[in-house]
Amino acid sequence: MALLGLSTLTHKQDVDAMIRDTLDKVLVLRFGRATDPLCMQLDETLGKSSRELSKFASIALVDVDAQEIQVYLHYFDITLIPATVFFFNSQHMKMDSGTPDHTKWIGAFHSKQDFIDVVETIYKGAMRGKLIVNCPLPADRVPKFELLYKDI
Amino acid sequence: MATLADSFLADLDDLSDNEAPGEEEAGEDDELGKEDVEMPDVEVNYDDLNTVAKLQNTPRYHDLMKKVDEAIESGVPATMAKLSEDDPEYQLIVECNTLSVDIDNEIGVIHNYIRDKYRLKFPELESLVQHPIDYARVVKRIGNEMDLTLVDLEGVLPSATIMVVSVTASTTNGKPLAEEVLQKTLDACDRALDLDESKKKVLNFVESRMAFIAPNLSAILGSAVAAKLMGTAGGLSALSKMPACNVQILGVKKKNSAGFSSATLNPHTGFIFHSEIVQGSPPSLRTRAARLVSGKSTLAARVDATMGDRLGQTGRAFREEIQKKIEKWQEPPPPKQPKPLPVPDSDPKKKRGGRRLRKMKERYAMTDMRKLANRMSFNIPEESSLGDGLGEGYGMLGQAGSGKLRISAGPSKLSTKVKKFKEKKYGSSGATSGLTSSLAFTPVQGIELSNPSAQAALLGSGTQSTYFSETGSFSKIKKIV
């Protein structure tokens, strides 16, 4: 992960600080494990595009196995790995990509360009004051998954 | 080159004067003993070489050559950096520099002399072989021969030039020279070659002493090039007074003979361009390097002229600087970092306007027909396509009573107007004589300009028919071309 240039966060304070201190930039938090292959794929996409998006987005990786992070997993309802959550000025941004869950993005991106498109859309929507945006990707580029309902 | 100019002017003044050469020589030697450099403005007897080219007869010349020979034999002086202005060696070197310039002038004069004499024999040769020494050599080889196949010019000229010379000689309209004229010409050639030899000797001597005369300059360029520069400039002080751009050009050969293209010749390739330090750099950087070296060498020459640094350290420092700069030029450019994407929507799109855009928009604009269809008049039920209020309503279309739903399409504001070619009407105010003008001189006003459109107004408005009019004139007055 150091090779990618993205920092991995394991403490709650770090995550808080990150969310609070990123101003006027989209914050992309990837919740996952470094050892998971799908996670690794996503991490590479994030790492490759981090420099290009550096003007309006910042990216960080959150280790799902850390003790302090479980609070976040509970809050965001993260069950499938990897999960990417978007923030703008400490505001949680939702995206409707045709999947049941709008609050996060599950899985990897098909290509670097897809990820860049998503981040740009989120940025544009957020600058206009929207809290939820429509995903610019066609349906076949969006990874499909099934929501696990627990205790409902 | 004042001396050369003077001799030419003298030639122009008195071309026909025939003075006894004997008297001239005696008088001239005395004069030249006093004056150092200039040639006196005596009347020139063009027939005799000695009246034109006097340098070799002067005692000054002989003295200097003797001294040079001695100095060459004595070898390098033991005292290295002690060459001050008062040192006789230094004086000798300074004199050698002026002498080499004088020799150059002299060679030029002799070249003119040879050329003028040889013109009767082979006029085209002067344009084919410009260099004076080469010309002299060629003239010596050819002599009075009319057939150039019997003459071997190998080693004197490059083969291309030999070819051209042979071809031109076969079609030349020159005639063989008289014996005495030929003899004089050959003498002059020998003189020129002798002068060339002595000049070479002088330059060699100067070169060997160069490290003591101009240590800084020779530290940068090397003794040979430094000596050549000094020789061409006419001394170290003359060299130091030149701007660097001129120093760069010293020694450039203008060999633009007719028929040879000048596109391939390099511009500004003087001594400095052919020096080791510049030739050692890659070809693409040579012009830049030459400019840099000429700048630094001019500074070094100035230091040397004022005897600022006798040890040559400034020159060595300059040389290192030059080498470092040349290396820096050869470095590859820094690798390009991928640029981050710009923030989306940060620059608002530049909307263009103008006639073209408006014309484009016209195609999608609301048409008059649609506007009328959208409106309704009060208390009049509108008709519809399916009747009875079903279908699209027609609004005000077709309400004029004509029953048609069409409306006339007026010309759009943006359509280009077709220009009618207006014929100019030259109205004649009655008199048909061609000499009359439209200006009518009335006693009251003086000049009255007739208004050509007044003539048109006379015809009346277009609605009234003038066909049967008794008062009207021709309905159309047009100038018949």
Side-chain angles (χ1 to χ4, degrees), chain A residues 3-7 21-28 43-60 86-89 91 93-95 97 105 109-137, chain B residues 281-285 288-289 292 321 323-371 373-375 385 390-393 395 412-414:
Chain A
L3 286 172
L4 296 170
L6 302 171
S7 48
D21 297 336
T22 312
L23 297 170
D24 284 345
K25 274 181 153 194
V26 176
L27 175 64
V28 181
D43 287 350
E44 196 186 313
T45 315
L46 296 178
K48 289 267 172 72
S49 50
S50 70
R51 195 190 149 80
E52 287 189 353
L53 297 172
S54 56
K55 282 200 171 172
F56 55 92
S58 51
I59 307 176
F86 299 97
F87 299 89
F88 188 84
N89 279 344
Q91 182 68 253
M93 297 295 297
K94 300 190 203 172
M95 182 166 72
S97 30
W105 173 276
F109 288 92
H110 205 255
S111 66
K112 193 172 101 171
Q113 190 53 45
D114 285 348
F115 174 59
I116 293 173
D117 289 341
V118 164
V119 174
E120 276 197 359
T121 315
I122 292 192
Y123 181 85
K124 282 191 204 165
M127 287 301 271
R128 298 208 178 114
K130 295 193 178 180
L131 296 174
I132 181 164
V133 297
N134 284 324
C135 179
L137 306 176
Chain B
S281 56
S284 55
L285 293 176
R288 258 174 108 183
L292 175 67
E321 203 185 308
Q323 276 166 341
K324 256 193 235 165
K325 276 202 184 162
I326 293 180
E327 270 189 44
K328 189 135 200 293
W329 289 340
Q330 292 172 324
E331 268 177 14
K336 278 177 90 168
Q337 292 273 16
K339 243 173 112 176
L341 294 170
V343 176
D345 295 339
S346 57
D347 302 313
K349 281 191 281 191
K350 287 173 203 141
K351 294 252 167 204
R352 297 166 128 187
R355 193 173 174 279
R356 191 192 283 198
L357 193 77
R358 275 183 280 128
K359 201 139 193 273
M360 281 290 293
K361 286 199 144 180
E362 226 183 38
R363 297 157 72 203
Y364 303 99
M366 181 73 79
T367 57
D368 288 340
M369 198 156 164
R370 189 54 81 169
K371 282 185 199 155
N374 286 341
R375 288 182 200 145
S385 54
L390 303 168
E392 287 213 11
S412 102
K413 283 186 216 164
L414 290 174

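All values below come from the heavy atoms of this structure, side chains included, with hydrogens, waters and symmetry mates left out. In what follows, chains carry the letters A, B, and so on, assigned in the order in which the sequence lines appear, proteins first and then strands, with residues in each chain numbered from 1.
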> Above 12 or not: heavy atoms from other molecules or residues under 6.0 Å from NZ of A/K48?
Replying inline: no

> Do other residues, nucleotides or ligands put more than 12 heavy atoms under 6.0 Å from the CD atom of A/E52?
Replying inline: yes

> Who passes side-chain contact (heavy atoms from CB on, under 4.5 Å) against B/Q337, sequence neighbours left out?
Replying inline: A/R51

> Can you list the residues that meet the side-chain contact (heavy atoms from CB on, under 4.5 Å) rule with B/L285, with sequence neighbours excluded?
Replying inline: B/P282, B/R288, B/W329, B/Q330

> Are more than 12 heavy atoms from other residues, nucleotides or ligands located less than 6.0 Å from atom CZ of B/R355?
Replying inline: yes

Show every donor-acceptor pair shorter than 3.5 Å between a side-chain atom in residues 339-351 of chain B and any protein atom, with sequence neighbours excluded, or say none if there are none.
| unit_1 | atom_1 | unit_2 | atom_2 | d |
| --- | --- | --- | --- | --- |
| B/D345 | OD2 | A/R128 | NH2 | 3.0 |
| B/S346 | OG | B/V343 | O | 2.9 |

>> Which residues in residues 112-123 of chain A have any heavy atom closer than 4.5 Å to a heavy atom of chain B?
In response: A/I116, A/E120, A/Y123

